[in-house]
There are 2 protein chains.
Amino acid sequence: MIKPGIPKGTRDFGPVVVRKRNYIFQTIRETFEVFGFQPLETPAMENLSTLTGKYGEEGDKLMFKVLNNGEIYNEAHQAKDNKELVSAITEKALRYDLTIPFARYVVMNQHELALPFKRFQMQPVWRADRPQKGRYREFYQCDADVVGSNSLLNEVELLLIYDTVLTKLGLQGYELRINNRKILFGLAEVIGKTELLTDITISIDKLDKIGADGVRKELQERGLTGADIDTIEKFLAIDGSSEEKLAQLKELLQSSSTALKGIEELSFVLNSGYATFHTTPIIDVTLARGLNYYTGMIVEVKAPATVKMGSIGGGGRYDDLTGLFGLPGISGVGISFGVDRIYDVLEELKLFPQTAQQSTKVLFLNLGEASSRAAFSYMMQLRQLGVAAELFHEPAKMDKQMKYADKRAIPYVIILGESELQDNLVSVKNLATGQQEKISGAELISYAF
Amino acid sequence: MIKPGIPKGTRDFGPVVVRKRNYIFQTIRETFEVFGFQPLETPAMENLSTLTGKYGEEGDKLMFKVLNNGEIYNEAHQAKDNKELVSAITEKALRYDLTIPFARYVVMNQHELALPFKRFQMQPVWRADRPQKGRYREFYQCDADVVGSNSLLNEVELLLIYDTVLTKLGLQGYELRINNRKILFGLAEVIGKTELLTDITISIDKLDKIGADGVRKELQERGLTGADIDTIEKFLAIDGSSEEKLAQLKELLQSSSTALKGIEELSFVLNSGYATFHTTPIIDVTLARGLNYYTGMIVEVKAPATVKMGSIGGGGRYDDLTGLFGLPGISGVGISFGVDRIYDVLEELKLFPQTAQQSTKVLFLNLGEASSRAAFSYMMQLRQLGVAAELFHEPAKMDKQMKYADKRAIPYVIILGESELQDNLVSVKNLATGQQEKISGAELISYAF
């Protein structure tokens with residue numbers, strides 16, 4: 001008899017945690033819906049041909065592949081190396097993110113879809129990453145994307161979704177940091193080294209980690225001249241209000257039409273006057289976001305500085321995502337919520353409301369048959385009204401039943417003893433206050449539990 | 001460029017379907033909650049050691065196994081046969097049902113749990129079955145189980161959950177068929193052939209498929225004598241009201257104390273007078289349910305006869321489930337909802353309410369900047385009130401915007417033309433009736449969309 005366990009990097013979610021997680025999911029889902037986004041669900045397994053090569057070599061390695069069913073012995077033994085072996089015995093893998101399945105869905109349903117298609121998707125994904133604090137092998141992604149529209153109104157709407165959800169969750173002091181890939185490209189263009197775009201962005205992305213000197217050092221190693229680095233440092237020194245930052249960017253990058261386009265896009269998003277934010281987005285010129293497929297605005301949500309958590313969400317605009325599946329020229333823009341991190345933030349700041357932690361409200365003590373029969377009819381009426389009610393399963397000793405109520409954190413206990421039954425009354429005991437009162441059955445049904 | 005697709009037996013769920021499915025899930029979840037059941041979620045992947053051997057040979061075959069990550073070439077080549085190969089390169093498999101992971105969870109958390117533990121779980125499971133109409137390789141199970149209580153009140157509660165959910169869903173004419181494993185065992189005992197219990201149950205389970213003669217023939221082949229079969233046919237002939245059936249069972253099986261116990265349990269569930277059902281459960285002595293681990297009451301829910309669908313749910317009491325993981329002597333009883341089939345039934349009977357099909361309520365036409373700015377402020381107010389609202393993403397031709405509203409089945413369109421803006425009014429057009437009215441901004445916010 002081996003002791004039972006679960007796979008590395010996976011989790012069981014017990015009742016208390018599920019309820020709190022559902023509170024977050026529900027808040028995000030409601031917001032997506034009122035913003036006109038539509039739910040989509042795709043299978044946990046995708047064909048390998050759909051996923052392979054979409055996440056880089058690293059991704060192919062970290063994908064969980066599903067073994068073909070039936071006999072695989074011969075196929076396996078004809079394989080000459082690991083690569084051949086794996087492709088001989090697997091043809092499916094677990095969802096690695098929600099974006100590629102979404103693109104696959106759009107291409108498969110392009111003739112039925114009304115474009116722009118605004119979809120949201122909240123499902124688990126699986127990655128064979130080395131498990132560590134806050135990084136799991138099974139975790140939920142919550143994405144909202146718009147495909148088939150180049151309008152910057154989508155960028156504004158998606159930033160408003162962040163603003164709305166995080167405000168609804170009671171978060172304060174978070175930051176919506178935005179930048180534009182065209183500006184970063186423009187910087188490389190001004191320097192005359194667009195081929196080093198990735199090197200440059202990777203380095204400046206580390207500014208708050210390794211500091212200005214660190215960045216300078218790294219840029220030198222990556223083959224940039226002193227003059228290049230001077231320009232980059234001017235870029236990094238850009239500061240002030242959004243208007244001031246935009247002005248400085250315009251001046252520094254005026255020779256790049258791409259940069260100017262990016263600056264114009266940023267200023268539209270910030271100053272379009274379409275929306276009023278609870279927390280105004282701020283420009284962060286060092287923000288790069290790893291994924292190279294971003295081509296326009298990029299955004300990252302930083303948790304309140306009071307909690308050491310870093311990014312709790314991010315996204316941006318990408319061109320031609322569905323081109324991977326033979327449908328070119330469809331632009332997309334999307335955002336993602338990091339639910340596990342948001343959970344930890346709300347937990348640390350004690351922001352989960354009582355309602356997110358409610359379980360059974362009322363326990364009817366089991367005092368034998370007559371009492372239980374009466375309890376049942378009350379119980380069914382309360383349940384009809386949405387009040388979660390239970391009858392203890394057996395006529396056990398009082399303290400055993402009370403212990404159950406306590407362990408389950410049930411706030412009210414109802415006693416239907418002989419005297420209560422005789423007078424058609426019920427005794428309601430509030431376990432928090434210890435107060436007990438006798439009320440009529442009618443009062444019980446309208447009781448404010 | 002290969003045409004994108006999804007694995008055999010899996011499905012994408014588009015917006016319309018997701019909403020209808022969520023309506024079913026939500027109805028079931030709410031009912032579970034008010035009955036005092038608590039949510040549990042377990043990982044999609046379980047260790048093979050947890051799952052292997054729990055579902056019979058068939059189950060082990062139909063399990064989706066996950067390939068170990070990293071180099072597997074050498075392990076694979078040392079394997080002498082298929083079995084060795086598979087166990088050398090896999091250590092995880094996808095969840096095959098919700099019951100075994102639940103048992104595993106209970107054992108792992110036995111010291112924290114307040115018993116009886118009433119849990120519900122609604123998650124997908126995966127089986128490599130041959131796909132066919134109504135049978136998928138990825139499908140949801142919705143289970144409610146109670147462990148740690150022998151009280152028959154649990155059976156009553158679980159039957160009430162079926163009754164409540166199906167009534168809430170507007171279903172009529174469904175049947176709650178119940179039986180008790182002890183009665184079937186008692187029948188075999190009375191015949192004196194308990195070793196043939198499975199053969200007997202399998203045969204009589206087929207009564208409505210192959211008819212009385214078919215059953216007789218099969219019983220003969222399975223080695224039962226004419227006298228045995230006479231008794232069995234007396235058993236199958238049992239008929240009338242529940243009281244009458246119980247009386248006839250008592251008479252026929254009086255020599256089996258096990259049968260009498262089962263009869264007593266059935267009569268408690270039916271006549272305890274604890275609960276009032278919308279649809280009273282009926283005794284079906286031929287009901288056996290495949291799974292051999294059932295030891296007490298068994299239940300099966302039959303869809304209304306008007307739809308050819310058969311069972312839309314089932315369950316029963318099983319003893320010692322957690323014994324598999326080293327925690328013996330804990331009894332359990334549970335039920336399961338067949339959501340895919342319930343979906344088809346509601347679809348066929350047109351029972352999905354409008355609210356389960358609601359998407360965006362209001363589309364603001366995009367008539368340029370000034371109009372869009374005004375639209376945004378109205379839109380954000382409506383969204384705050386929970387009204388899903390959108391602004392068309394670009395100032396396109398009117399008919400293009402109207403076509404989008406039509407394709408998305410958005411019921412209301414709002415026009416903010418120059419005249420409206422001037423007079424601080426909005427024009428609301430009901431696309432179903434074609435009626436259009438001019439109202440004030442304040443009226444719009446309180447409009448009954």
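In what follows, chains are A, B, ... by sequence order, proteins preceding strands, each numbered from 1. For clarity, every value in this text was computed on a predicted model and none was experimentally measured.
The backbone N or O of K92(A) sits nowhere less than 3.5 Å from a side-chain atom of T90(A) that would complete a donor-acceptor pair. At least one donor-acceptor pair under 3.5 Å links the side chain of D163(B) to the backbone N or O of H278(B). In this structure, T50(A) contributes its side chain and E46(A) its backbone to no donor-acceptor pair below 3.5 Å. Formation of a donor-acceptor pair under 3.5 Å by the R95(B) side chain with backbone atoms of W126(B) is not found in this model. Looking only at distances, no side-chain donor or acceptor of Q78(A) sits under 3.5 Å from a matching main-chain atom of E75(A). The closest donor-acceptor contact from the side chain of Y73(B) to the backbone of A79(A) lies under 3.5 Å. Formation of a donor-acceptor pair under 3.5 Å by the N154(B) side chain with backbone atoms of S151(B) is found in this model. Within the 3.5 Å criterion, the main-chain N or O of L327(B) finds a donor-acceptor partner in the side chain of T322(B).
Proximity to chain A is limited to the side chain of T164(B), based on heavy atoms less than 4.5 angstrom apart. If you measure heavy-atom distances from F37(A) to chain B, the contacts under 4.5 Å come from the backbone alone. With a threshold of 4.5 angstrom between heavy atoms, M380(A) approaches chain B through side-chain atoms but not through N, CA, C or O. Using a 4.5 Å cut-off between heavy atoms, K118(A) contacts chain B through its side chain alone, with no backbone atom that close. Only the side chain of S359(B) comes within less than 4.5 Å of a heavy atom in chain A; its backbone stays farther off. Neither the backbone nor the side chain of V17(A) comes within contact range of chain B; no heavy atoms are under 4.5 Å apart. For I6(A), the parts lying under 4.5 angstrom from a heavy atom of chain B are both the backbone and the side chain. Residue contact with chain A, scored on non-hydrogen atoms closer than 4.5 Å, is absent for F32(B). Heavy atoms of T31(A) lying under 4.5 Å from chain B are absent altogether. Proximity to chain B (any heavy atom under 4.5 Å) is restricted, for L113(A), to the backbone atoms N, CA, C and O. Neither the backbone nor the side chain of L363(A) comes within contact range of chain B, judged by heavy atoms closer than 4.5 Å. Both the backbone and the side chain of R373(A) have a heavy atom closer than 4.5 Å to some heavy atom of chain B. For F117(A), the part lying under 4.5 angstrom from a heavy atom of chain B is the side chain only. Heavy-atom distances place no part of N74(A) under 4.5 Å from chain B, backbone and side chain included. In this structure, the portion of E138(A) lying under 4.5 Å from any heavy atom of chain B is its side chain and not its backbone.
Residues Q121(A) and R119(A) bring a donor and an acceptor atom of their side chains to less than 3.5 Å of each other. Side-chain contact annotation: H393(A) with S149(B), donor-acceptor N/O pair under 3.5 Å present. Side-chain contact, E390(A) with T360(A): a donor N or O sits under 3.5 Å from an acceptor N or O.
The greatest number of non-hydrogen atom pairs below 4.5 Å with chain B, out of R383(A), Q38(A), E41(A), is found for R383(A). Chain A forms the most heavy-atom pairs under 4.5 Å with one residue out of A275(B), A114(B), A375(B), G70(B), and that residue is A114(B). Of the listed residues (V16(B), T10(B), V18(B), N82(B)), the greatest number of heavy-atom pairs within a distance under 4.5 Å of chain A belongs to N82(B). Ranked by heavy-atom pairs shorter than 4.5 Å toward chain B, the options L40(A), T42(A), N47(A) are led by N47(A). Counting heavy-atom pairs closer than 4.5 Å to chain A, the top residue among E369(B), E30(B), E157(B) is E157(B). Across A374(B), A128(B), P101(B), S372(B), the residue that shares the most heavy-atom pairs under 4.5 angstrom with chain A is S372(B). Comparing Y105(B), F35(B), Y404(B) by heavy-atom pairs within less than 4.5 Å of chain A, the highest count is held by F35(B). Chain B forms the most heavy-atom pairs under 4.5 Å with one residue out of P39(A), G386(A), G36(A), and that residue is P39(A). Comparing I72(A), V362(A), N22(A), L385(A) by heavy-atom pairs within less than 4.5 Å of chain B, the highest count is held by I72(A). Contact count against chain A (heavy-atom pairs under 4.5 Å) is highest for N69(B) among N69(B), N109(B), L85(B), L160(B). When each of Q358(A), R19(A), E33(A), E394(A) is scored by its heavy-atom pairs under 4.5 Å with chain B, the top score falls to R19(A). Taking chain B as the reference chain and counting heavy-atom pairs below 4.5 Å, the highest number among A93(A), G5(A), P124(A) is found for G5(A).
Listed by first and then second residue, the salt bridge (Lys or Arg N to Asp or Glu O under 4.0 Å) pairs that reach into residues 81-91 of chain A are K80(A)-E84(A), sequence neighbours excluded.
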For residues 60-67 of chain B, run the donor-acceptor check on the side chains, cut-off 3.5 Å, and write out each pair with its distance to 0.1 Å, sequence neighbours left out.
residue, atom, partner, partner atom, Å
D60(B), OD1, G53(B), N, 3.0
D60(B), OD2, G53(B), N, 3.4
K65(B), NZ, D60(B), O, 2.8

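For an aromatic pair to be called close, the ring centres must be under 6.0 Å apart, and F364(A) with F376(A) fails this.
The distance from atom CE of M108(B) to atom NZ of K3(A), rounded to the nearest 0.5 Å, is 6.5 Å.
Judged by the 6.0 Å distance and 45° axis criteria, R21(B) is positioned over the aromatic ring of F13(B).
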